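Okay, handing you the structure first.
Bear in mind the structure is a predicted one, so any value in this text is a computation, not a measurement. These numbers come from the heavy atoms of this one structure, side chains and all, not from hydrogens, waters or symmetry mates.
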Number of protein chains: 2
Amino acid sequence: MGCTHRAVPTGGYSDWVETVERLIRSTQELLWERGYVGTSPKAIQQAADAGQGSMYHHFSGKAELAKAAIERSGAELRSAAEEQFAGDGSATERITQYLRRDRDVLKGCRMGRLTSDPDVMTDPVLRAPVDETFQWIRSRLTEIIAEGKQNKEYPAGLDPAKTAATIAAVLQGGYVLARAANSPEPFDQAIEGLIDLLGAK
Amino acid sequence: MGCTHRAVPTGGYSDWVETVERLIRSTQELLWERGYVGTSPKAIQQAADAGQGSMYHHFSGKAELAKAAIERSGAELRSAAEEQFAGDGSATERITQYLRRDRDVLKGCRMGRLTSDPDVMTDPVLRAPVDETFQWIRSRLTEIIAEGKQNKEYPAGLDPAKTAATIAAVLQGGYVLARAANSPEPFDQAIEGLIDLLGAK
DNA sequence: GTCTATACCCAGATAGAC
DNA sequence: GTCTATCTGGGTATAGAC
């Protein structure tokens with residue numbers, strides 16, 4: 001991978017996009033929908049419109065491909081979150097924007113769903129990018145809450161790290177509730193309930 | 001199933017426990033660890049120490065067995081939660097006890113993990129007990145919070161349904177964060193952060 | 001009720017031709 | 001780089017004997 005050095009455009013797995021790129025994107029998508037155990041090399045090949053030999057030429061197998069896909073998804077998630085985190089509003093505003101960001105709730109979280117995949121959690125190489133992504137989100141939220149405390153947005157007694165974990169958990173748990181209910185409603189309720197708790201001070 | 005009518009004891013899949021019972025319990029355990037797609041009939045048979053023919057005699061197949069196992073797990077979860085919910089403390093005390101209950105955090109939630117199983121979410125029969133379990137938990141929490149409001153434990157502005165969703169979400173999301181980190185710490189942080197937010201009023 | 005045999009297809013990968 | 005052939009094993013179930 002990375003053998004060729006052309007720039008890669010976004011949007012669609014158009015024919016001319018390199019095979020490696022299509023393989024990674026397809027794997028990302030399938031991991032999201034079906035998880036690691038539920039995703040077969042054959043399914044990846046079909047989604048990527050690549051042959052058996054092609055896939056095994058670029059990747060040693062399913063695990064290596066999954067590693068690339070999970071790392072890619074982690075980078076994308078961080079970058080999407082940073083869009084809200086790096087805004088210029090108050091801490092409360094930025095956190096609220098992050099929480100209320102438009103999301104495909106019923107699809108769930110690409111990273112979060114991997115935590116219920118035994119083969120991913122068992123393999124340190126596959127778990128690492130999942131771990132790092134959530135560590136990053138929590139530490140980023142911790143920083144923002146600490147800022148908010150300095151600006152007197154939050155009470156002095158508020159623990160930034162704990163609160164950050166709570167916020168991250170509400171998002172992940174919100175997805176779970178929404179999928180169970182097959183409706184985004186519980187997700188929205190959980191988010192708004194949290195925003196109220198954070199704002200009520 | 002239920003063909004015989006002897007009482008069934010708890011604890012261990014002892015030899016004399018009926019085959020059906022061992023099959024259901026083994027399936028519960030495997031669904032928890034590996035999910036639906038990751039669990040094969042053969043694995044169930046081995047865990048239950050039952051033969052191929054035996055399993056297919058009692059159940060039409062994997063799906064029917066999973067249905068029984070998920071329903072059983074749902075009943076157990078509700079019953080475990082009701083132990084805290086039905087206590088005689090204040091609303092805050094009962095919710096705190098529920099949140100701080102001893103849990104095998106790194107195993108995650110048996111119900112919650114099923115929401116990332118595409119074959120479970122797709123099949124209405126399998127999703128129903130998952131849905132009902134979370135609906136029940138949320139509505140039970142809603143009731144308790146409403147009680148708490150009447151007793152002036154919570155501010156009049158607090159929305160019981162939203163807050164209940166937030167609480168349920170923190171638990172589910174806490175599991176996700178803990179498994180990603182391979183440590184119970186983020187779970188504990190998320191829980192304590194929530195308790196602070198609920199108590200700070 | 002439980003056993004063994006059988007069946008068919010898929011998972012995951014390797015080998016060597018082109 | 002990509003293709004097709006091939007391989008071993010497992011998933012999921014049915015059939016019929018005991």
Side-chain angles (χ1 to χ4, degrees), chain A residues 1-6 8 13-27 30-31 33-70 117-120 122-123 125-126, chain B residues 1-6 8 13-27 29-31 33-69 117-120 122-123 125-126:
Chain A
M1 51 223 204
C3 317
T4 64
H5 298 279
R6 295 190 262 143
V8 168
Y13 305 172
S14 356
D15 273 351
W16 69 269
V17 173
E18 286 101 346
T19 299
V20 168
E21 192 61 22
R22 293 201 314 276
L23 283 167
I24 293 179
R25 292 187 192 172
S26 299
T27 305
L30 283 164
L31 286 182
E33 287 164 16
R34 305 202 41 87
Y36 186 78
V37 293
T39 296
S40 69
K42 172 177 286 194
I44 294 171
Q45 292 150 25
Q46 288 174 342
D49 196 29
Q52 186 101 318
S54 185
M55 191 197 108
Y56 282 103
H57 172 75
H58 294 293
F59 297 92
S60 65
K62 176 174 161 176
E64 192 178 290
L65 194 36
K67 176 176 186 292
I70 296 172
D117 229 308
D119 293 2
V120 172
T122 290
D123 182 343
V125 171
L126 294 182
Chain B
M1 50 219 201
C3 316
T4 64
H5 298 281
R6 295 190 263 143
V8 168
Y13 305 171
S14 357
D15 273 353
W16 71 269
V17 173
E18 285 102 347
T19 299
V20 168
E21 191 60 22
R22 293 202 314 276
L23 283 167
I24 293 179
R25 292 187 191 172
S26 298
T27 305
E29 209 58 39
L30 283 164
L31 285 182
E33 287 164 17
R34 307 203 39 88
Y36 186 78
V37 292
T39 296
S40 68
K42 172 177 286 192
I44 294 170
Q45 292 150 25
Q46 288 173 343
D49 196 29
Q52 185 100 319
S54 185
M55 191 197 109
Y56 282 102
H57 172 74
H58 294 290
F59 297 91
S60 65
K62 176 175 161 176
E64 192 178 290
L65 193 35
K67 176 176 187 293
D117 229 308
D119 293 1
V120 172
T122 290
D123 182 343
V125 171
L126 294 182

Nearest-Å distance for atom pair CG/P, residues A/Leu30 and C/dA11: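 Rounding to the nearest Å, CG of A/Leu30 and P of C/dA11 are 11 Å apart.
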Integer-rounded Å distance: C/dG1 P and B/Gln45 CD: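 Rounded to whole Å, this separation is 18 Å.
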Atom pair distance, as rounded to whole Å: NE2 in B/His57 and P in C/dT2: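 Between P of C/dT2 and NE2 of B/His57: 7 Å.
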Any donor-acceptor N/O pair, A/Arg34 side chain to B/Pro118 backbone, under 3.5 Å: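 Answer holds: no.
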Proximity to the side chain of B/Ser40 - top-ranked nucleotide from D/dT12, C/dG12, C/dG1: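 For the B/Ser40 side chain, the nearest candidate turns out to be D/dT12.
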Any A/Thr19 side-chain N or O less than 4.0 Å from OP1/OP2 of D/dT2: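 Yes.
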Nearest-nucleotide 5' precedence on DNA chain C, A/Tyr36 against B/Gln52: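 Of the two residues, B/Gln52 wins.
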Option from B/Thr27, B/Thr39, B/Leu31 for which side chain to side chain contact (heavy atoms under 4.5 Å, CB included) with B/Leu65 holds: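 Result: among B/Thr27, B/Thr39, B/Leu31, B/Thr27 is the only option passing the side chain to side chain contact (heavy atoms under 4.5 Å, CB included) with B/Leu65.
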Enclosure of B/Lys67 NZ (heavy-atom neighbours >12, cutoff 6.0 Å):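 Counting other residues, nucleotides and ligands, NZ of B/Lys67 stays at 12 neighbours or fewer.
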Distance, rounded to the nearest Å, where B/Arg34 contributes CZ and D/dG10 contributes C1':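 That distance rounds to 13 Å.
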Value in whole Å for how far the C1' atom of C/dC3 lies from NE2 of B/His58: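 Value for this atom pair: 13 Å.
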Least distance between heavy atoms, B/Asp119 atom then B/Tyr36 atom: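 Closest pair (atom of B/Asp119, atom of B/Tyr36, distance): CB-CD2, 3.6 Å.
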Nearest listed nucleotide, side chain of B/Ser54, among D/dT2, C/dA5, C/dC3: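 Side chain of B/Ser54 sits closest to C/dC3.
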Rounded distance in Å - OH (B/Tyr56) to C1' (C/dT6):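 Between C1' of C/dT6 and OH of B/Tyr56: 14 Å.
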Side-chain N or O of A/Lys42 closer than 4.0 Å to phosphate OP1/OP2 of C/dC10: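 Indeed not, no polar side-chain atom of A/Lys42 lies that close.
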A/Leu23 CG - D/dT2 P separation (whole Å):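 Spelled out: CG on A/Leu23 to P on D/dT2 is 9 Å.
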A/Gly53 or A/Gly38, whichever maps to the more 5' nucleotide of DNA chain C: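 Of the two residues, A/Gly38 wins.
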Atom-to-atom span, CZ of B/Phe59 to P of D/dT14 - whole angstrom: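 Checked: the CZ to P distance equals 15 Å.
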Considering all heavy atoms, the nearest A/Val37-A/Asp117 contact: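 Heavy atoms only, the tightest pair is N-OD1, 3.3 Å.
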